Visitor: 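Could you have a look at this structure, given as C-alpha cells, before my questions?
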Amino acid sequence: MSEQQQAAPKNFIRQIIDADLASGKHTHIRTRFPPEPNGFLHIGHAKSIVLNFGIGEDYHGATNLRFDDTNPAKEEEAFVEAIKEDVRWLGYRWDELRFASDYFEQLYGYAVELIEKGLAYVCDLSPEQVREYRGTLTEPGRESPYRNRGVEENLDLFARMRAGEFEDGSRTLRAKIDMASPNMNMRDPALYRIRHGLVHHQTGDAWCIYPMYDFTHPISDAIEGITHSLCTLEFEDHRPLYDWVLDHISIGCHPQQIEFARLNLEYTVMSKRKLTQLVSEGHVSGWDDPRMPTIAGLRRRGYTPASIRSFCNAIGVTRSDSTVEMGVLENAIRSDLDASAPRRMAVLRPLRLVISNYPEGQVEKLQGPNHPKDAAMGSRELLFTREIYIDREDFREEANKKYKRLVLGKEVRLRNAYVIRADEVIRDAAGEITEIRCTYDPETLGRNPEGRKVRGVIHWVPAEQGIPVQVRLYDRLFRVPAPGREGDFLDDLNPDSLSILEEAVVEPSLRDVAPGERFQFEREGYFCRDPEDAADGRPVFNQIVSLRDSWGG
RNA sequence: UGGGGUGUCGCCAAGCGGUAAGGCACCGGACUUUGACUCCGGCAUUCGCAGGUUCGAAUCCUGCCACCCCAGCCA
C-alpha cells in the first residue's frame, strides 16, 4: 500500500503527529475508525478510513475499528458485518476490534465518579423542558431545578435508573457545567438516557440506560490509548466537552481530538438520511446499486480498493469545506484500470456487417494482445468471420474528415484484424439500416496497406460466435452538482442514470468471466461482470467508467 | 444577532515573513491498429476585500465581507 503516498506534502494532521513524535509527547501512534453501525459506509467514510488506517500504517502505529454503538434504537448487527467487510475490502486490517458497548460498565463507573465529585446530576426535566431551559444561540439557558441535588440522592437515583425503575424520558444524567456557556454543548449536556425494551446487538437487554456519544467517545478513546482522535468538523464544538470529560475523571490518558472537513462529491449525496431514502423509496436497487456512493455500490460498480485509496489520498485532508469533482474519482479508477485491465472487444449497439469477399463458413483465428503496452499480459484468441458486428455509432453514410470511423465507400481498420471498405448499405422496409456490405483487404493483417493510409480503427465481434450479454451504462445519479441545493434532492435525480443495453455482444473469449472481473472494452470504457445475471441468464456487464473522450461528437 | 470554523487557478491542495508546488479539469501539439494510454507545451504578477507593520507579506496586525457548523434524552 504505497501507491498513494508519493512524497505528497503531509496534511496538517500528519504534521501534528510529526511534532508530537518529535517533542516526545508520543512514541507510538494509535488511531481509530469509529463508525456507528446504523447504515452502510460511503466514500466519505473511506476518506476517514484511509486517513486513520493510513496514519496507523505509515507511523508503524496501530488503528482500531470501534463501533460507536451507544444508541441501540438505530443500530443493527448486519451493519456491523457490512462495515467490517467494507474496511477489509478497502485493504485495511484493524489492530483491535472494539465496541463502545464493551465499555458500558466502565462508563457507568466514570459517571458515578462525576456524580461523587458533584459534576453530574440526575435531572427530572422532560425533553421539552430541557429544551426550554437550554436557552438559544443568543440567550443563556437556565439551570435545572434538579441541578443542586445532593450527591447521595444523585447516586441513588442513578442506580435506580440503571435498575429500570424509571420510564423512558423521565430522567437523564447530566453533566454540571455551565448553562450560560456560549457553546450549547456545554449547557449541562445529557450523559445518560433511559431506553427500555430495546435489544442491543451486543449487550442484549443488560442495560436500560445508554451513555451519550459525548460521554462515551472520549472515554473509549482514552481506554484504548488512542493518541489522535480524528473526526469531522461538525464535532469541533464538542471538543471542549470531550476535554472536560477526560479532565474530570480518573483516567490516565487524554487523546487529542482533531477535526477535518468531511468529503462532499459533486452530483451525488452523502448523508445517511438521503442515501437511506434512495434505497427505501426504490430510486435505486439497493445499498449496493452501482450508482450509489457507498463502498458496496462502488465495489459492485467495479471500482478497485486501490483506486479508492488513491482518490482519498489525492483529495487531501484540510479544515476547509470543499466539494470534489467526480472527475477526480474517475481519474483514479481510470489510471488503475488502464494499467491492469485486459483489453477486450464488445459491441454495445450491434450493426451487422458482411464481408462479401471473405469465404463463407471460414473461421480465422487471430490474436489480440491483452494490453497494448504490456506484452507480459499475453494475448487472447479472436475469431474472424464473414459476418461480424460493429457498433452503429461507428458507421455513417457520409461524414467529414474528422470522423475517423467507417463511412460508405471509405476504409477503416478492424481492430486486431483487416482493413475493410464499406460498399453498400442494406435497409429494411422502414428505411432503417440493417446491414453493411463490405470488402476486406487480405494484405492488411498486421500491416498497413500500401499507398494509402487508413486513419480509423473500430472494434468488432464475430456475429455467430459473439456472446450476447446485457450491458449497463451508468451516468451520474443526479443531474446537478449539488442535489437538493434548492428544493427536494429527489427532484434532482437524473432520470437517465441507468441505461440497459439488451443487444450487446462481446467477443468469444469473454465466455467464462468471473463476477467482479474487470476489462477494458476497447474504445468504450472499463467494465466489470456483475455478480447477478440477467433474468434470461445472460451475463451482465457494468460500465465502471467510460474512457476519456476528447472527441465529443 | 451568541459561540466555533473556513476563505490560495474551474475543482482539490502545497505554502508556516524571502518573493505562488502538485493533482484533476481545460487548451495546444507529437505518437498511436483504442478519438484511450504516453509524451511535450500552455494554464494565479497573484493568494476574499481594505488598510497597516516590514527592505520584503498568501504568510504578522487591524477592520470589513462571504460561506459552513451548533439550540437531539442522535452520532
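Quick note on labels: first sequence line is chain A, next is B, and so on, each numbered from 1. Because the structure is predicted, anything quoted here is derived from the model rather than measured.
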Visitor: What I want to find out is whether A:R405 reaches A:E393 closely enough, with some N-O distance under 4.0 Å, to be called a salt bridge.
Guide: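 Answer for the salt bridge query: no.
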Visitor: Quick one: salt bridge (Lys or Arg N to Asp or Glu O under 4.0 Å) partners of A:D221, sequence neighbours excluded?
Guide: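 Scan of A:D221 (salt bridge (Lys or Arg N to Asp or Glu O under 4.0 Å), adjacent residues dropped) gives A:R32, A:R66.
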Visitor: Please collect all salt bridge (charged side-chain N to carboxylate O under 4.0 Å, His left out) contacts where either partner lies in residues 169-192 of chain A, sequence neighbours excluded, each pair once.
Guide: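 Matches after skipping sequence neighbours: A:D124-A:R171, A:R147-A:D188.
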Visitor: What I'd like to find out is whether the side chain of A:T70 reaches to under 4.5 Å of the side chain of A:M212, using heavy atoms alone.
Guide: no
Visitor: How many Å lie between CG on A:L241 and C1' on B:C69, as a whole number?
Guide: 16 Å
Visitor: List in chain and number order the residues that pass ring-ring contact (aromatic ring centres under 6.0 Å, His included) with A:H42, two or more places apart in sequence or in another chain; answer none if no residue qualifies.
Guide: A:H45
Visitor: Can you tell me how far C1' of B:C69 sits from CZ of A:F260, to the nearest Å?
Guide: 15 Å
Visitor: With C1' as the reference atom in both, quote the distance from B:G3 to B:A50 in angstrom, rounded to an integer.
Guide: 26 Å
Visitor: Say you pick atom C1' in B:C31 and the same atom in B:C39; how far apart are they, in whole Å?
Guide: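 Result for the C1' pair: 8 Å, nearest Å.
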Visitor: Heavy atoms under 4.0 Å is the rule here; annotate nucleotides 26-34 of chain B 5' to 3' with B where the base is hit, S where only the sugar-phosphate is, and - elsewhere.
Guide: S------BB
Visitor: Checking base pairs now: Watson-Crick or wobble, both atom distances under 3.5 Å. What partners B:A66?
Guide: B:U6
Visitor: With a 4.5 Å heavy-atom cut-off, do A:H200 and A:E75 have their side chains touching?
Guide: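 A:H200 reaches A:E75 side chain to side chain.
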Visitor: What contact category does A:K272 fall into here, base, sugar-phosphate, or nothing, at under 4.0 angstrom with non-hydrogen atoms?
Guide: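 Nothing: the residue A:K272, judged by heavy atoms under 4.0 Å, touches no strand.
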Visitor: Do A:T304 and A:I544 come within less than 4.5 Å of each other through their side chains, counting heavy atoms only?
Guide: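 No, too far: nothing below the 4.5 Å cut-off.
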Visitor: What interatomic distance, in whole Å, is found between C1' of B:G7 and the corresponding atom of B:C47?
Guide: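 Those two atoms are separated by 10 Å.
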Visitor: What is the distance from CD of A:E330 to C1' of B:C37, rounded to the nearest Å?
Guide: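 Answer to the nearest Å: 17 Å.
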Visitor: Could you check whether A:Q15 gets within reach of a base, just the sugar-phosphate, or nothing at all, counting any heavy atom under 4.0 Å?
Guide: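 Result for A:Q15 = base.
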Visitor: Can you name the nearest heavy-atom pair linking A:L191 to A:L114, along with the distance?
Guide: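 Closest heavy-atom pair between A:L191 and A:L114: CD2-CD1, 4.1 Å.
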Visitor: What is the distance, rounded to the nearest whole Å, between atom CD1 of A:I333 and atom C1' of B:A36?
Guide: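 That distance rounds to 15 Å.
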Visitor: Using the C1' atom as the point on both nucleotides, what is the distance between B:G4 and B:G23, in whole Å?
Guide: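 Per the computed distance, 31 Å lies between those C1' atoms.
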Visitor: I need the CZ-C1' distance between A:F527 and B:A36, as an integer number of Å.
Guide: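 It works out to 13 Å between those atoms.
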Visitor: With a 4.5 Å limit on heavy-atom distance, are the side chains of A:L173 and A:I209 in contact?
Guide: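 No, their side chains stay 4.5 Å or more apart.
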Visitor: With rounding to the closest Å, how many angstrom separate the C1' atoms on B:C60 and B:C73?
Guide: 47 Å
Visitor: State, without any angle test, whether A:E36 and A:Y213 hold a side-chain donor-acceptor pair at a distance under 3.5 Å.
Guide: no
Visitor: If you measure from the C1' atom in B:C9 to the same atom in B:A21, how many Å do you get, rounded?
Guide: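 Looking at atom C1' only, B:C9 and B:A21 are 13 Å apart.
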Visitor: Is the glycosidic torsion of B:G48 within 90° of 0, making it syn, or is it anti?
Guide: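 The base of B:G48 is oriented anti (glycosidic angle more than 90° from 0).
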Visitor: For RNA chain B, whose closest nucleotide is more 5', that of A:K401 or that of A:T318?
Guide: A:T318
Visitor: What string of B, S and - do you get for nucleotides 5-11 of chain B, 5' to 3', when a contact is any protein heavy atom under 4.0 Å?
Guide: SSS--BS
Visitor: From B:A25, B:A36, B:C37, pick the nucleotide closest to the side chain of A:N331?
Guide: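 From the listed options, B:A25 comes nearest.
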Visitor: Can you tell whether the side chains of A:D441 and A:R452 come within less than 4.0 Å, N to carboxylate O?
Guide: yes
Visitor: Quick one: A:R309 CZ to B:G23 P, roughly how many Å, whole number?
Guide: 22 Å
Visitor: Provide the distance between the two C1' atoms, one in B:C43 and one in B:C26, to the nearest whole Å.
Guide: 8 Å
Visitor: Along nucleotides 70-75 of chain B, 5' to 3', which nucleotides get a B, which get an S, and which get a -, given that the test is a protein heavy-atom distance under 4.0 Å?
Guide: BBSBBB
Visitor: Grab the CD-P distance between A:Q257 and B:C69 for me, whole Å please.
Guide: 18 Å
Visitor: Identify the heavy atoms of A:F478 and A:F489 that sit nearest to each other, and give their distance.
Guide: CE2-O, 3.3 Å
Visitor: Quick one: does any side-chain atom of A:R413 pair with a main-chain N or O of A:A417 as donor and acceptor, under 3.5 Å?
Guide: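 Indeed, once roles are kept as given, a pair shorter than 3.5 Å links the two residues.
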Visitor: Which value, in whole Å, describes the distance between the P atoms of nucleotides B:C24 and B:G41?
Guide: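 Looking at atom P only, B:C24 and B:G41 are 15 Å apart.
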